[in-house]
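Single-structure report; data block below.
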Amino acid sequence: MKIATSAYPLDWLDSWAQYEDKLASWVAEAAGNGAELLLFPEYGAMELSTLAGAETAADLQGSIRAVSERMEDAAALHLKLAAEHGVHILGASAPVLDDAGKVVNRAEFYTPTGGRDHQDKQIMTRFEREDWGVAGGGPLKVFETALGKIGVLICYDSEFPLLGRALAEVDVILVPSCTEALAGYWRVRLGAMSRALECQCVTAMASVVGTNTWSEAVDVNTGMGGIFGPPDNGFPGTGVIAEGAMDQPGWTYGEADLAAIAQVRADGGVLNRLHWDEQLPRIKSVTKALLC
């Protein structure tokens, strides 16, 4: 499959039609370049808070409520564009109220045949849990699609190996991210690359980019798009299939070859995915060594 992963700038929106035009343009560009799977970033939906006005957009809790209220309309738009262009889309994540009444960070997955499901972020960053009041949501999912098996680790989730291991059967792991500083970007990127190594799969990372003086939540953003694989047979020696330019808006494109993934898992130079369980007895047998 050809993947398009975004470095996505947030805009001030004066009307819903403006958002429709923006999203339609982004999807049309990626589809026009042959992409079959499109990835938008974490918290990219926060631009929808501007539709409620400057006071709401500038207020942390007010902006969360405003975005949550727009997500069904956003879903309808994404489904329309997915069908129109024949693509799968992981939409930009958003803070939404779940069925239990708590705020979760949710990314919706859309297919060209009208399929729709979501992945909630599992582990919150300090900012999310201490300032936003966002909580971990529903379980990790394996999305069975016409393109292959796909998983989603939202930003910080990609930094936890056991979450990646839970998705060991997937072909592609999508990593939508929103990072303020260069250090945050690299933490997530290193997590995404590590999950590609351990699971011997392809990972794709998207980022929010740019500054937004109208927001307390997403005011400064650093990153770029990237697509990674295991540095092994059939993949680049660096593990980097494709990468964008830092803080430059636009799509980054790369191929995820399912045959190459199957081959490296069966007969790679190393077999990290197969040998994972060999760690367990050795972890339990750790002993102290005193050196004088």
Side-chain angles (χ1 to χ4, degrees), residues 1-6 8 19-45 48 67-68 70-94 96 98-99 104-122 137-155 157-158 166-177 192 199 201-206 225 227 241-242 251-259 261-262:
M1 72 187 83
K2 187 172 185 178
I3 301 172
T5 185
S6 58
Y8 186 77
Y19 176 67
E20 289 181 313
D21 290 344
K22 177 182 180 180
L23 197 65
S25 176
W26 275 77
V27 173
E29 179 181 341
N33 281 289
E36 301 162 274
L37 175 60
L38 282 57
L39 172 59
F40 287 96
E42 180 188 37
Y43 289 127
L48 294 173
V67 172
S68 183
R70 289 282 187 174
M71 292 317 294
E72 283 305 308
D73 291 336
L77 175 58
H78 282 79
L79 285 168
K80 174 179 176 291
L81 292 171
E84 180 180 333
H85 294 282
V87 294
H88 291 67
I89 304 172
L90 187 75
S93 84
V96 300
D98 71 2
D99 294 337
V104 300
N105 181 359
R106 176 168 294 174
E108 296 266 6
F109 201 7
Y110 309 97
T111 77
T113 56
R116 175 188 173 189
D117 205 334
H118 66 266
Q119 178 62 66
D120 293 339
K121 191 172 183 177
Q122 304 292 288
L140 283 173
K141 299 176 181 179
V142 174
F143 297 96
E144 301 266 6
T145 78
L147 299 178
K149 294 180 179 179
I150 298 172
V152 180
L153 294 174
I154 299 176
C155 202
D157 287 349
S158 71
L167 299 176
E169 67 179 279
V170 307
D171 304 300
V172 175
I173 298 175
L174 303 179
V175 183
S177 73
C199 295
C201 68
V202 170
T203 59
M205 177 182 176
I227 301 169
I241 296 171
W251 290 112
T252 296
Y253 301 96
E255 297 282 349
D257 186 335
L258 302 191
I261 293 168

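At a threshold of 4.5 Å between non-hydrogen side-chain atoms, the residues Asp171 and Cys201 do not count as touching. Taking the side chain as every heavy atom from C-beta outward, Val67 and Tyr43 never approach each other to under 4.5 Å.
Side chain of Thr203 to main chain of Ala192: a donor-acceptor pair is present (N/O by atom type, distance under 3.5 Å, no hydrogens or angles). Using a distance-only test at 3.5 Å, with no hydrogens or angles considered, no donor-acceptor pair links the side chain of Glu36 to the main chain of Gly34. For the pair Gln119 (side chain) and Pro139 (backbone), a donor-acceptor distance under 3.5 Å is present. Judged purely by atom type and a 3.5 angstrom limit, Glu42 has no side-chain atom pairing as donor or acceptor with the backbone of Ala94. Put simply, the side chain of Lys121 never gets that close to the backbone of Asp157: no donor and acceptor are under 3.5 Å apart. Thr111 places no side-chain N or O within donor-acceptor distance of the main-chain N or O of His88, the cut-off being under 3.5 Å.
From Leu81, atom CG reaches atom CG of Leu38 across 10.0 Å, with rounding to the nearest 0.5 Å. Here the straight-line distance linking atom NZ of Lys141 with atom CG of Asp117 works out to 3.5 Å at 0.5 Å rounding. To the nearest 0.5 Å, atoms NE2 (His118) and OG (Ser93) are separated by 12.5 Å. With rounding to the nearest 0.5 Å, the separation of CH2 in Trp251 from CG in Asn33 is 10.5 Å. Once rounded to the nearest 0.5 Å, the distance linking OG1 of Thr252 with CD1 of Ile3 reads 11.5 Å. The distance from the CG atom of Leu258 to the NZ atom of Lys149 is 11.5 Å, given to the nearest 0.5 Å.
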Run the side-chain contact (heavy atoms from CB on, under 4.5 Å) check on Glu255 and Ile241 step by step: do they pass?
CA-CA 8 Å; Glu255 297 282 349; Ile241 296 171; 5.6 Å; no
Start with the C-alpha gap between Leu167 and Cys199, add the side-chain angles, then the distance that decides, and say whether side-chain contact (heavy atoms from CB on, under 4.5 Å) holds.
CA-CA 8 Å; Leu167 299 176; Cys199 295; 5.7 Å; no
Show your reasoning for whether side-chain contact (heavy atoms from CB on, under 4.5 Å) applies to Leu37 and Leu174.
CA-CA 10 Å; Leu37 175 60; Leu174 303 179; 3.9 Å; yes
Pair Leu153, Leu140 - check side-chain contact (heavy atoms from CB on, under 4.5 Å), show working.
CA-CA 8 Å; Leu153 294 174; Leu140 283 173; 3.9 Å; yes
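Closest approach of Ala74 to Leu48, counting heavy atoms only: CB-CD1, 4.4 Å. In this structure, Ala107 and Gly91 approach most closely via the heavy-atom pair CB-O, 4.0 Å. Of all heavy-atom pairs spanning Ser158 and Cys155, the tightest one is OG-O, 2.7 Å. Considering all non-hydrogen atoms of both residues, Val96 and Met71 come closest at CG1-CG, 3.6 Å. Nearest heavy-atom pair, Val27 versus His85, reported as atom, atom and distance to 0.1 Å: CG1-CD2, 3.6 Å. Ile89 approaches Phe109 most closely through the heavy-atom pair O-CD1, 3.2 Å.
Ring geometry, Trp26 versus Tyr8: the interplanar angle exceeds 60°, so the pair is classed perpendicular (tilted spans 30 to 60°). Using bins of under 30°, 30° to 60° and over 60° for the plane-to-plane angle, the ring pair Tyr19/His78 lands in the tilted bin.
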